*Asks:* 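If you scroll down you'll find the structure; I have some questions about it.
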Amino acid sequence: MTSPKATAARKGRLTPAMAKRESKPKKRQRTAEILQRLEEEYPDACCALEHRTPLQLLVATILSAQCTDKRVNMVTPALFERFPDAASYAAAEMAELEEMVRSTGFYRNKAKSLQGLGQALQSDYDGEVPATMKELASLPGVGRKTANVVLGNAFGIDDGVVVDTHVGRLSNRLGLTEQKNPVKIESDLMALVPKGDWTLWAHLLIFHGREVCKARKPACADCVLVDLCPSAEI
Ligand code: SF4
């Protein structure tokens, strides 16, 4: 039996051709509607990486590369206790650091980044995490995505849009970008999503990507965006 959501969507459905022809103002309007619906659907959407300080979030985000947030959250309590500040990462024994982050994968590179991060913070920023994109992105193991996570969630600064695998996949499926490169996707999203909502946008798309619009099998018939999405399969 077809769900009521799917039936309703079929009537006013957005086709891929329509999304391609869509004007910028219309696309912005649709983006605003997507944002509003997802906010209603996920009122508690937030950063899933547990942290109390900018440094903890920076470390957790570095560890989250190619790893689930759940796994990172299992590793970080002991790590944060053993390495409470930049100085302790700078002086860390590599073997110990590697062992503590091993289960997050790519542990040699990650441990090296954390030690390098501690050293850079100690030498250039008095042990504090800087709050600008330029400074953050110059730190070892920190790219634009990690810098955006820290700026948005630890400092409340919307400097860009976090583009992880979920944000990239959903933004493409929703016809808001045709790009595959995260930096280009980010640029398209920054032109569509209101600046004050950039951090929230990523949280909402990540939640929706985990719950409904999954990589292999999107549950379009249960999706609140079904009539706004050119990729809906119903
Ligand atoms: S679940 Fe389907 S309808 Fe919803 S955003 Fe993903 S592809 Fe579009």
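If you're wondering where the values come from, they're calculated on a predicted model, not measured in any experiment.
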*Asks:* Taking everything shown except E128 itself, do over 12 heavy atoms lie less than 6.0 Å from its CD?
*Replies:* no
*Asks:* Can you give me the closest heavy-atom contact between S113 and G141, atom names plus distance?
*Replies:* OG-CA, 3.7 Å
*Asks:* Just by distance, do the side chain of N73 and the backbone of A48 share a donor-acceptor pair under 3.5 Å?
*Replies:* yes
*Asks:* Can you name the residues that form a side-chain hydrogen bond (donor to acceptor under 3.5 Å, both in side chains) with H203, not counting sequence neighbours?
*Replies:* N153
*Asks:* Are I157 and Y125 connected in the hydrophobic side-chain network, where two residues link if heavy atoms are under 4.5 Å apart?
*Replies:* yes
*Asks:* Let me see the working for L139 and L136 under side-chain contact (heavy atoms from CB on, under 4.5 Å), right down to the final yes or no.
*Replies:* CA-CA 6 Å; L139 295 168; L136 276 167; 4.0 Å; yes
*Asks:* Which heavy atom of A147 sits nearest to which heavy atom of A137, and what is that distance?
*Replies:*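 The pair with the smallest heavy-atom distance is CB-N, 4.5 Å.
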*Asks:* Are V163 and V150 connected in a single hydrophobic cluster, I mean Ile/Leu/Val/Met/Phe/Trp/Tyr linked by side-chain heavy atoms less than 4.5 Å apart?
*Replies:* no
*Asks:* Between atom OG1 of T76 and atom CG of D69, what is the distance when rounded to the nearest 0.5 Å?
*Replies:* 10.0 Å
*Asks:* Can you give me every donor-acceptor pair (side chain of residues 187-201, partner residue at least two apart or in another chain, under 3.5 Å) with its distance?
*Replies:*
residue	atom	partner	partner atom	Å
D188	OD2	T177	OG1	2.6
W198	NE1	V193	O	2.8
T199	OG1	D158	OD1	2.4

*Asks:* Mind checking side-chain contact (heavy atoms from CB on, under 4.5 Å) for T15 and listing every partner two or more places apart, or none if nothing turns up?
*Replies:* A17, M18
*Asks:* Under the criterion side-chain contact (heavy atoms from CB on, under 4.5 Å), I'd like the reasoning laid out for V224 against E40: C-alpha separation, chi angles, the key distance, then a yes or no.
*Replies:* CA-CA 10 Å; V224 291; E40 282 163 18; over 6 Å; no
*Asks:* As a quick check of understanding, evaluate side-chain contact (heavy atoms from CB on, under 4.5 Å) for M74 and S103, giving each step before the final call.
*Replies:* CA-CA 9 Å; M74 288 165 76; S103 67; over 6 Å; no
*Asks:* Would you find a donor on one side and an acceptor on the other, under 3.5 Å apart, between the side chain of D164 and the backbone of H166?
*Replies:* yes
*Asks:* Decide whether V161 and V149 are clustered together by the hydrophobic rule: side chain heavy atoms of Ile, Leu, Val, Met, Phe, Trp, Tyr closer than 4.5 Å, transitively.
*Replies:* no
*Asks:* Under 3.5 Å, side-chain donor or acceptor atoms of residues 50-57 against the rest of the protein: list the pairs with distances, not counting sequence neighbours.
*Replies:*
residue	atom	partner	partner atom	Å
H51	ND1	L49	O	2.8
T53	OG1	Q56	N	3.0
Q56	OE1	R52	N	2.7

*Asks:* CD1 of I34 to OG of S171: how many Å apart, nearest 0.5 Å?
*Replies:*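 The OG atom of S171 is 8.5 Å from CD1 of I34, to the nearest 0.5 Å.
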*Asks:* How long is the span from the CD atom in E33 to the CG atom in L38, to the nearest 0.5 Å?
*Replies:* 10.0 Å
*Asks:* Mind jotting down which residue pairs meet the side-chain hydrogen bond (donor to acceptor under 3.5 Å, both in side chains) criterion with at least one end in residues 136-146? Sequence neighbours excluded, please.
*Replies:* R144-E186
*Asks:* If I compare all heavy atoms of L79 with all of L63, which pair ends up nearest, and what's the gap?
*Replies:*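 Heavy-atom minimum between the residues: CD2-CD1, 3.7 Å.
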*Asks:* Not counting sequence neighbours, list each pair that qualifies as a ring-ring contact (aromatic ring centres under 6.0 Å, His included) and has a residue in residues 208-234.
*Replies:*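 ring-ring contact (aromatic ring centres under 6.0 Å, His included) check on residues 208-234 returns Y42-H208.
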*Asks:* Between R37 (side chain only) and L225 (backbone N and O only), is there a donor and an acceptor less than 3.5 Å apart?
*Replies:* no
*Asks:* Looking only at heavy atoms, what is the nearest atom pair of V72 and A60, with distance?
*Replies:* CG1-O, 3.7 Å
*Asks:* Tell me every residue that passes side-chain contact (heavy atoms from CB on, under 4.5 Å) with A87, counting only those two or more places apart in sequence or in another chain.
*Replies:*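 Residues passing side-chain contact (heavy atoms from CB on, under 4.5 Å) with A87: D85, Q122.
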*Asks:* From R28 CZ over to S23 OG, what is the distance, rounded to the nearest 0.5 angstrom?
*Replies:* 9.0 Å
*Asks:* Does V162 belong to the same Ile/Leu/Val/Met/Phe/Trp/Tyr cluster as L35, with side-chain heavy atoms less than 4.5 Å apart forming each link?
*Replies:*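 In one cluster: no.
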*Asks:* For residues 91-101, run the donor-acceptor check on the side chains, cut-off 3.5 Å, and write out each pair with its distance to 0.1 Å, sequence neighbours left out.
*Replies:*
residue	atom	partner	partner atom	Å
E96	OE1	R82	NH2	3.1
E96	OE2	R82	NE	2.6
E99	OE1	R102	NE	3.3

*Asks:* Once side-chain hydrogen bond (donor to acceptor under 3.5 Å, both in side chains) is applied, do any residues pair with K27, and if so which ones, sequence neighbours excluded?
*Replies:* E22
*Asks:* State which residues pass side-chain hydrogen bond (donor to acceptor under 3.5 Å, both in side chains) with T165; sequence neighbours excluded, sorted by chain then number.
*Replies:*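 Result, side-chain hydrogen bond (donor to acceptor under 3.5 Å, both in side chains) vs T165: none returned.
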*Asks:* Tell me the ring-ring contact (aromatic ring centres under 6.0 Å, His included) pairs involving residues 86-117, sequence neighbours left out?
*Replies:*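 Matches after skipping sequence neighbours: F83-Y89.
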*Asks:* Would you kindly confirm whether I185 and L151 end up in one hydrophobic cluster when ILVMFWY residues are joined by side chain heavy atoms under 4.5 Å apart?
*Replies:*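 Shared cluster, no.
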*Asks:* Can you tell me how far CD1 of I206 sits from CZ of R169, rounded to the nearest 0.5 angstrom?
*Replies:* 10.5 Å
*Asks:* Partners of K180 by side-chain hydrogen bond (donor to acceptor under 3.5 Å, both in side chains), sequence neighbours excluded?
*Replies:* N172
*Asks:* What's the spacing between L228 CG and Q29 CD if we round to 0.5 Å?
*Replies:*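 Going from the CG atom of L228 to the CD atom of Q29 covers 10.5 Å.
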*Asks:* Is a side-chain N or O of R30 found less than 3.5 angstrom from the main chain of L176, in a donor-acceptor match?
*Replies:*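 Not confirmed, R30 side chain does not pair with L176 backbone.
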